[in-house]
Number of protein chains: 2
Amino acid sequence: MTRAQQTKSRRMGIPGSANWHAMLDGAECVLREEGYAALTSRRLAEYIGVKQRLVYYYFQTMDDLIVETFGRLAVREIERLREAASSKRPLREIWDVCIHTSDARLIAEFMALANRIKKLRAEVIRFIEESRAIQVSALSAALKRKSRNSRVPPAALAMLATSVALSLTREAELGVTAGHREILAVFGAFLSEAEPK
Amino acid sequence: MTRAQQTKSRRMGIPGSANWHAMLDGAECVLREEGYAALTSRRLAEYIGVKQRLVYYYFQTMDDLIVETFGRLAVREIERLREAASSKRPLREIWDVCIHTSDARLIAEFMALANRIKKLRAEVIRFIEESRAIQVSALSAALKRKSRNSRVPPAALAMLATSVALSLTREAELGVTAGHREILAVFGAFLSEAEPK
DNA sequence: GTCTATACACCGATAGAC
DNA sequence: GTCTATCGGTGTATAGAC
């Protein structure tokens with residue numbers, strides 16, 4: 001995460017500086033609102049009110065910028081997940097994190113990009129695996145404590161929660177709601193039984 | 001689906017002709033392999049071995065081409081789903097269609113594009129709603145016949161199957177497999193009970 | 001640190017010849 | 001039907017001044 005840069009020596013801006021964050025913030029917005037094809041150095045510069053050249057002072061290539069943008073997001077998301085897992089009601093809190101994940105449009109862009117930016121792909125894989133590991137260990141602990149060995153193993157539950165939450169978010173943004181009420185009821189019933197309020 | 005073209009009068013190629021299909025085939029490949037940013041008239045022309053100008057003889061704009069590409073795919077997918085639903089083992093067949101859906105990379109591109117091409121968005125919504133309706137009616141019938149009113153309503157099951165299948169496909173393509181065995185076992189157990197071989 | 005200026009390639013879309 | 005040629009615009013990335 002720190003800085004694997006400096007392959008070609010070139011004067012560079014400091015990761016973590018105000019401008020650096022502003023660029024990642026801008027990148028997120030442009031990705032979300034206009035898609036990855038619109039995330040160009042010119043567009044980003046215009047969006048955050050600097051000149052195009054400055055983008056290349058902070059990032060070697062546009063791909064690097066994209067990877068860093070995802071990386072910052074992933075760190076935040078993992079952080080949220082860890083907090084949820086170690087809370088008093090881990091099941092409910094984790095489900096809440098899944099449902100209120102980053103905007104589905106943003107995720108759609110990163111998923112598409114991950115298929116052709118190798119470094120991003122690696123980061124995405126790492127993120128999914130780490131998220132799942134946290135979820136599985138939290139679910140295992142919570143369900144064991146309840147001495148309630150459900151027929152559905154924790155790993156399957158984690159996969160289920162993530163998949164369904166992502167679909168719910170994406171479809172809700174599109175305006176599709178068929179089946180949403182029903183599936184939310186199923187999850188609600190499970191939570192009520194496994195982790196009463 | 002037929003041809004909502006001809007808003008601006010311009011001589012156009014015939015939808016359904018060999019070249020038209022070749023262009024949609026090429027568009028699918030370029031989308032899958034290189035992403036939507038690479039789906040340009042020049043790239044597509046080169047890919048299928050014609051001149052750039054010809055692309056605009058068959059499609060008014062590149063957005064139109066994308067919408068048609070999705071449309072053709074959606075028709076095929078709905079067709080597969082209908083066949084599955086009216087087969088002897090609808091539950092297993094529908095699950096099979098969900099799992100062996102079009103390449104996850106292609107879907108990722110369309111999901112991203114749907115957020116900014118209005119006509120595509122409308123087609124995607126229509127596709128999701130129609131798919132779900134087919135699934136729900138098939139599931140309702142199959143589960144009623146078994147007089148087996150599960151605690152999980154058909155609409156929730158449909159949502160579940162679609163979400164999980166999509167995630168499984170996407171993650172498998174990335175190389176992530178954590179939890180896959182477990183969730184497949186859960187679905188397998190459900191199918192064995194609800195629709196014995 | 002931030003800028004101007006510039007290289008060179010590629011984009012969507014059209015005019016109009018054959 | 002399919003082509004050549006072309007418009008104006010935008011892309012990444014760099015050189016080098018201040």
Side-chain angles (χ1 to χ4, degrees), chain A residues 3 5-24 26-27 30-31 33-69 109 112-113 116-120, chain B residues 3 5-27 30-31 33-69 109 113 116-120:
Chain A
R3 58 185 317 194
Q5 273 126 0
Q6 241 69 336
T7 48
K8 266 190 289 183
S9 66
R10 190 173 80 185
R11 262 163 64 234
M12 294 274 302
I14 303 141
S17 63
N19 255 341
W20 185 87
H21 276 293
M23 286 186 188
L24 297 197
V30 173
L31 271 181
E33 290 158 22
E34 304 171 38
Y36 72 73
L39 183 54
T40 68
S41 56
R42 283 186 221 267
R43 180 76 192 96
L44 176 60
E46 179 193 44
Y47 194 88
I48 62 176
V50 299
K51 296 295 175 178
Q52 187 232 355
R53 182 61 179 85
L54 206 57
V55 175
Y56 286 95
Y57 178 71
Y58 284 90
F59 304 94
Q60 297 262 12
T61 65
M62 289 308 288
D63 279 5
D64 285 352
L65 166 69
I66 291 166
V67 173
E68 298 278 343
T69 304
E109 299 298 328
L113 285 167
R116 48 213 120 253
I117 301 177
K118 269 181 95 174
K119 275 166 71 179
L120 179 62
Chain B
R3 57 186 318 192
Q5 275 125 359
Q6 242 69 333
T7 47
K8 265 189 291 184
S9 66
R10 188 173 83 184
R11 261 165 64 235
M12 293 275 300
I14 304 140
S17 63
N19 256 340
W20 184 87
H21 276 294
M23 286 185 189
L24 298 198
D25 290 343
V30 173
L31 272 181
E33 291 158 22
E34 305 171 37
Y36 72 72
L39 183 54
T40 68
S41 58
R42 287 177 220 267
R43 179 75 192 95
L44 175 59
E46 179 194 44
Y47 194 88
I48 62 175
V50 299
K51 297 294 176 180
Q52 186 230 356
R53 182 62 178 83
L54 206 57
V55 175
Y56 286 95
Y57 177 69
Y58 284 90
F59 304 94
Q60 298 261 12
T61 65
M62 289 307 288
D63 279 6
D64 285 352
L65 166 68
I66 290 167
V67 173
E68 297 278 344
T69 304
E109 297 297 328
L113 285 166
R116 47 214 121 250
I117 301 178
K118 269 181 96 172
K119 274 166 72 180
L120 179 62

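Below, each value reflects all heavy atoms present in this structure, side chains not excepted, and no hydrogens, waters or symmetry copies. These figures come from a predicted structure and were not determined experimentally. Note on naming: letters A, B, ... go to the chains in the order of the sequence lines (proteins, then strands), and numbering restarts at 1 for each one.
The nearest whole Å value for the distance from the CG atom in A/Asn19 to the P atom in C/dG1 is 10 Å. Going from atom CD of A/Glu46 over to atom P of D/dT12 covers 13 Å, rounded to whole Å. Whole-Å rounding puts the B/Phe59 CZ to D/dT2 C1' distance at 16 Å. Here the P atom of nucleotide D/dT12 and the CG atom of A/Asp63 are 10 Å apart, to the nearest Å. Distance A/Met62 CE to C/dA9 C1': 17 Å, rounded to the nearest Å. In this entry the distance linking CD1 of A/Ile14 with C1' of C/dT2 reads 13 Å, nearest Å. A straight line from OH of B/Tyr36 to C1' of D/dG11 spans 15 Å, rounded to a whole angstrom. Taking atom CG on A/Leu44 and atom P on D/dT12, their separation rounds to 10 Å, with Å as the unit.
Annotation: the span from B/Tyr58 atom OH to B/Leu44 atom CG amounts to 12.5 Å, rounded to 0.5 Å.
OP1 or OP2 of D/dG1 has not a single side-chain nitrogen or oxygen of B/Tyr58 nearer than 4.0 Å. Note on A/Tyr56: a side-chain N or O is less than 4.0 Å away from OP1 or OP2 of D/dA13.
When B/Ile48, B/Leu54, B/Val55, B/Leu24 are each tested for a side chain to side chain contact (heavy atoms under 4.5 Å, CB included) with B/Asn19, only one passes: B/Leu54.
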Quick one: which protein N/O atoms are closer than 3.5 Å to N/O atoms of nucleotides 3-7 of chain C? Pair and distance per line, please.
residue: C/dC3; atom: OP2; partner: A/Lys51; partner atom: N; Å: 3.3

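Contacts of B/Asp25 classified as salt bridge (charged side-chain N to carboxylate O under 4.0 Å, His left out), with partners at least two apart in sequence or in another chain: B/Arg72. By the ring-ring contact (aromatic ring centres under 6.0 Å, His included) test, B/Tyr36 is found to be paired with A/Tyr36, residues two or more places apart in sequence or in another chain being considered.
The two residues B/Tyr47 and B/Gly26 have their closest heavy-atom pair at CD2-CA, 4.1 Å.
In summary, A/Asp64 and A/Lys119 engage in a salt bridge, as defined by a charged side-chain N under 4.0 Å from a carboxylate O.
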